[in-house]
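Beneath this line is the structure, given in C-alpha cells, with notes to follow.
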Amino acid sequence: MSTFKAPKGTYDLLPPDSAKFLAVREAIAAPLKNSGYGYIETPGFENVELFARGVGESTDIVTKEMYTLTTKGGDELALRPEGTASVLRAALEANLHKVGNLPVKLWYSGSYYRYERPQKGRYRHFSQVGAEAIGAEDPALDAEMIILADQAYRSLGLQNFRILLNSLGDKECRPVYREALQSFLRGLDLDEETIRRAEINPLRVLDDKRADVQKQLVGAPVLRDYLCDACKAYHEEVRALITAAGVAFEDDEKLVRGLDYYTRTTFEFVHDGLGSQSAVGGGGRYDGLSEMIGGPALPSVGWALGVDRTVLALEAEGVELDIPAATSVYAVPLGEEARRVLFAKVVELRKAGVATDFSFTGRGLKSAMKNAHRSGARYVVVAGERDLAEGQVQIKDMDSGEQEPVALDAVVAELQRRLG
Ligand code: AMP
C-alpha cells in the first residue's frame, strides 16, 4: 500500500468489476445512439457562474456541494456538478440550434463532482450518462426520453425500478401556484433555513425528507390543481404516449427535484433495492434554462442516469451481466526460442482481431497455466523446443481439457475458426 488513499467519497474502478461499469454505460448509450442522439463531450470544469445561473442559486448543489476554485489567472471555475448546463452552453456556443434541425439531440457520458456527505450510493465523484433534446416543445420528445431510459434499464435486465412522473407547470401557471404555496408555508412552524428556502424556492420545501416537516405539509396546495390548460393538455399527451408505448409509470405530484430549471414534465427513476439513495436517474423539461444562461428561448428536455447507482441496483437485484471474457487466447512459451516465436504469433493474432494475452517474464508451466486460467481464455497455445522443432504448437481447449498439435503456420486461422 502507498501512503495515499483515494479521497473521501471516491472509489476506484478496478477489473474485473470495472467491466460492469463499461457495460452499463454502453447499455444506457445504445438506445440513444439508435434514436438520433449525437455524442457530445464538454470540459470537466466550467465558469462557476454557469452553474450558479443554470442550476440555481438556491439549490443545495450550488450553495453547498460545488467544488469551486480560483485559477492563478483569476478565473472562478467549478468542477461540473451535473451535465445539462454545460451541454446547453456548448450547444449555444457552437450555434448547433441554428445550423441543424431542431431538436438538437445529444448524449454524453462522464464524471460529475458534488461535495456531499458520502454514503452508499452517494459519492463525491460519480458517473452519469445523459441525454438532452434542445429546441423543441413536443410531448412526443418528453415521451421519447422516458421510453429510452426505460429501454436502457430493461436491456440491462433491471426490473424493480419505478418511474415517477409529474408536471411542474410553466411560466404562466407556476407563479400562481408558487404564491399559493408560499402563503401556506408561511403559516407553518419551520426552522430558519426552511423559511428562507420557502421564500426563494418554495417547491423544494415539498421535497423535505424530515417527518416533522412532511407532517405539516399535509393539506398543502398541490400543483396539479393550478396547472393551466396548456400544461394540462401537454402532460396528458405525454402520459398517453408513454402508456401507448407500454411503459408503466406512477403519477407523483410531490416530485419537484433538486434543480431549479425544470418546467412541465419531470420524472425520476427510483429503485426499491437501494435504501435511501433510491434515485437511479432523473430528468425533465427545462424550457427556461437557455434564457437563464443568456441564450434564446429554446424549450428542451433531458435526463441523466447515474452509472454508480445503476450498478448497485443490478447487484441488489442479483442481475449478472453477460460480459464476455476479455481474453480468448493465452500463449504460454516454454524456453527462449519459443518466447520469440509465440510472441510474434500473439502480435499476429491480435492484428487478426483475436483477444490474446501472453505469459510474460518466463514463468514455469504451472504458474503460467494458472494465469491462463485466470484470464478466462478459451484456448491456450503452448509451445516448447520440441514442438517448434516439428514446426507446431499445442492448442489446449480449456473447456474440454483436450490438447491438439497444430502447425505453426495454421495456428491463427485455426483459432479464428474455432472461435467463430
Ligand atoms: P441529479 O442530477 O441529482 O438528478 O442526478 C441524476 C442521477 O445521478 C441520480 O439519479 C443518481 O443516480 C446520480 N447521482 C446524483 N448525485 C450522485 C452522487 N452524489 N453519487 C452517486 N450518484 C449520484
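For Asn101, the CG atom counts as loosely surrounded, since its 6.0 Å shell holds 12 or fewer non-hydrogen atoms of other residues, nucleotides or ligands. Residue-environment remark: CG (Asp212) exceeds the threshold of 12 foreign heavy atoms within 6.0 Å. Heavy-atom neighbours of Arg122 CZ from other residues, nucleotides or ligands within 6.0 Å: above the threshold of 12. Annotation for Arg210: atom CZ counts as buried by contact number, over 12 foreign heavy atoms lying within 6.0 Å. Enclosure of atom CZ in Phe21 by more than 12 non-hydrogen atoms of other residues, nucleotides or ligands within 6.0 angstrom is indicated.
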Would you please test Arg80 and Thr42 for side-chain contact (heavy atoms from CB on, under 4.5 Å) and show each step? CA-CA 10 Å; Arg80 57 184 181 187; Thr42 64; 3.4 Å; yes
Under the criterion side-chain contact (heavy atoms from CB on, under 4.5 Å), I'd like the reasoning laid out for His373 against Met398: C-alpha separation, chi angles, the key distance, then a yes or no. CA-CA 8 Å; His373 188 74; Met398 298 295 270; 4.1 Å; yes
Yes or no on salt bridge (Lys or Arg N to Asp or Glu O under 4.0 Å) for Arg162 and Asp272, after CA distance, side-chain angles and deciding distance? CA-CA 8 Å; Arg162 294 178 291 129; Asp272 295 323; 3.0 Å; yes
Could you walk me through whether Leu165 and Ile242 pass the side-chain contact (heavy atoms from CB on, under 4.5 Å) check? CA-CA 11 Å; Leu165 184 66; Ile242 303 171; 4.2 Å; yes
Would you please test Glu315 and Lys120 for salt bridge (Lys or Arg N to Asp or Glu O under 4.0 Å) and show each step? CA-CA 13 Å; Glu315 286 166 4; Lys120 184 158 190 185; 5.4 Å; no
Evaluate salt bridge (Lys or Arg N to Asp or Glu O under 4.0 Å) for Glu291 paired with Lys171, printing each intermediate quantity in order. CA-CA 13 Å; Glu291 286 157 296; Lys171 58 178 188 288; 5.7 Å; no
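Checked for salt-bridge contact, Asp60 and Arg197 meet the test: a charged N lies under 4.0 Å from a carboxylate O. Using a cutoff of 4.0 Å between basic side-chain nitrogens and carboxylate oxygens, Arg196 and Glu199 are not scored as salt-bridged. Taking the charged nitrogens against the carboxylate oxygens, Arg339 and Glu336 do have a contact shorter than 4.0 Å, which makes a salt bridge.
Side-chain contact between Val280 and Leu305 is absent, with no heavy-atom pair separated by less than 4.5 Å. The shortest distance between side-chain heavy atoms of Ser167 and Leu223 does not fall below 4.5 Å. Within the 4.5 Å cutoff, the side chain of Gln392 has no heavy atoms near those of the Glu404 side chain. Contact of the Val381 side chain with the Val329 side chain is registered, since non-hydrogen atoms from C-beta on lie closer than 4.5 Å. Counting heavy atoms from C-beta on, the side chains of Leu188 and Leu185 come closer than 4.5 Å. Two residues are said to be in side-chain contact when any heavy atoms from C-beta on lie closer than 4.5 Å; Arg418 and Arg378 fail this criterion. At least one side-chain heavy atom of Leu217 sits under 4.5 Å from a side-chain heavy atom of Gln214. Taking the side chain as every heavy atom from C-beta outward, Phe249 and Thr243 approach each other to under 4.5 Å.
Using a distance-only test at 3.5 Å, with no hydrogens or angles considered, a donor-acceptor pair links the side chain of Thr263 to the main chain of Asp287. Here the side chain of Ser300 pairs a donor or acceptor atom with the backbone of Gly135 at under 3.5 angstrom. A donor-acceptor pair under 3.5 Å links the side-chain atoms of Tyr177 to the main chain of Pro221, judged by distance alone. Of the possible polar contacts, one joining the Arg309 side chain to the Ala279 backbone as a donor-acceptor pair under 3.5 Å is found. Listed for the Asp397 side chain is a donor-acceptor partner under 3.5 Å among the backbone atoms of Ser400. Judged by distance alone, with hydrogens and angles left aside, the side-chain atoms of Trp107 form no donor-acceptor pair with the main-chain N or O of Lys33 at under 3.5 Å. Although no hydrogens or angles enter the test, the distance criterion places a donor-acceptor pair under 3.5 Å between the side chain of Arg174 and the main chain of Leu168. Between the side chain of Asn166 and the backbone N or O of Leu255, at least one donor-acceptor pair lies under 3.5 Å. Checked by atom type and distance alone, the side chain of Arg124 never pairs as donor or acceptor with a backbone atom of Arg114 at under 3.5 Å. The closest donor-acceptor contact from the side chain of Thr310 to the backbone of Gly306 lies under 3.5 Å.
Note on ring orientation: taking the six-membered ring where Trp is involved, the planes of Tyr67 and Tyr113 are perpendicular (angle over 60°, cut-offs 30° and 60°).
Ser86 contributes atom OG, which lies 10.5 Å from atom CG of Asn47 (distance to the nearest 0.5 angstrom). Interatomic distance, CD1 of Ile293 versus CG of Leu88, reported as 4.0 Å (0.5 Å rounding). Taken from CG in Asp17 to CG in Leu13, the straight-line distance is 8.5 Å, to the nearest 0.5 Å. The distance from atom NE2 of His97 to atom OG of Ser290, rounded to the nearest 0.5 Å, is 7.0 Å. With rounding to the nearest 0.5 angstrom, the CG atom of Leu342 is 9.5 Å from the CG atom of Leu349.
Scored by the salt bridge (Lys or Arg N to Asp or Glu O under 4.0 Å) test, Lys366 finds no partners at all (sequence neighbours excluded). The salt bridge (Lys or Arg N to Asp or Glu O under 4.0 Å) test applied to Arg89 returns Glu46, Glu93, not counting sequence neighbours. Shown here are the side chain to side chain donor-acceptor pair (under 3.5 Å) partners of Thr70, two or more places apart in sequence or in another chain: Glu76. Evaluation of the salt bridge (Lys or Arg N to Asp or Glu O under 4.0 Å) rule for Arg239 yields Glu236, Asp251 as partners, not counting sequence neighbours. The ring pair (Phe, Tyr, Trp, His ring centres under 6.0 Å) test applied to Phe358 returns Phe343, Phe360, not counting sequence neighbours. The side-chain contact (heavy atoms from CB on, under 4.5 Å) check on Asp12 picks up Ala6, Leu14, with sequence neighbours excluded. Under the rule for a ring pair (Phe, Tyr, Trp, His ring centres under 6.0 Å), Tyr330 has no partner lying at least two apart in sequence or in another chain. Taking Phe161 as the reference, Tyr153 meet the ring pair (Phe, Tyr, Trp, His ring centres under 6.0 Å) condition, with sequence neighbours excluded. Looking at residues two or more places apart in sequence or on another chain, you find no salt bridge (Lys or Arg N to Asp or Glu O under 4.0 Å) involving Glu402. Remark: Tyr123 pairs with Tyr11 by the ring pair (Phe, Tyr, Trp, His ring centres under 6.0 Å) rule, at least two apart or across chains.
Note on residues 138-150: pairs passing salt bridge (charged side-chain N to carboxylate O under 4.0 Å, His left out), not counting sequence neighbours, are Lys105-Glu144, Asp142-Arg285, Asp150-Arg154. For residues 382-391, the set of pairs meeting the side chain to side chain donor-acceptor pair (under 3.5 Å) definition, not counting sequence neighbours, comprises Asp387-Gln394.
When each of Lys351, Lys345, Arg350 is paired with Glu348, the side chain to side chain donor-acceptor pair (under 3.5 Å) condition holds for Lys345 and for no other.
A donor-acceptor contact under 3.5 angstrom links the side chains of Tyr108 and Glu132, judged on distance only.
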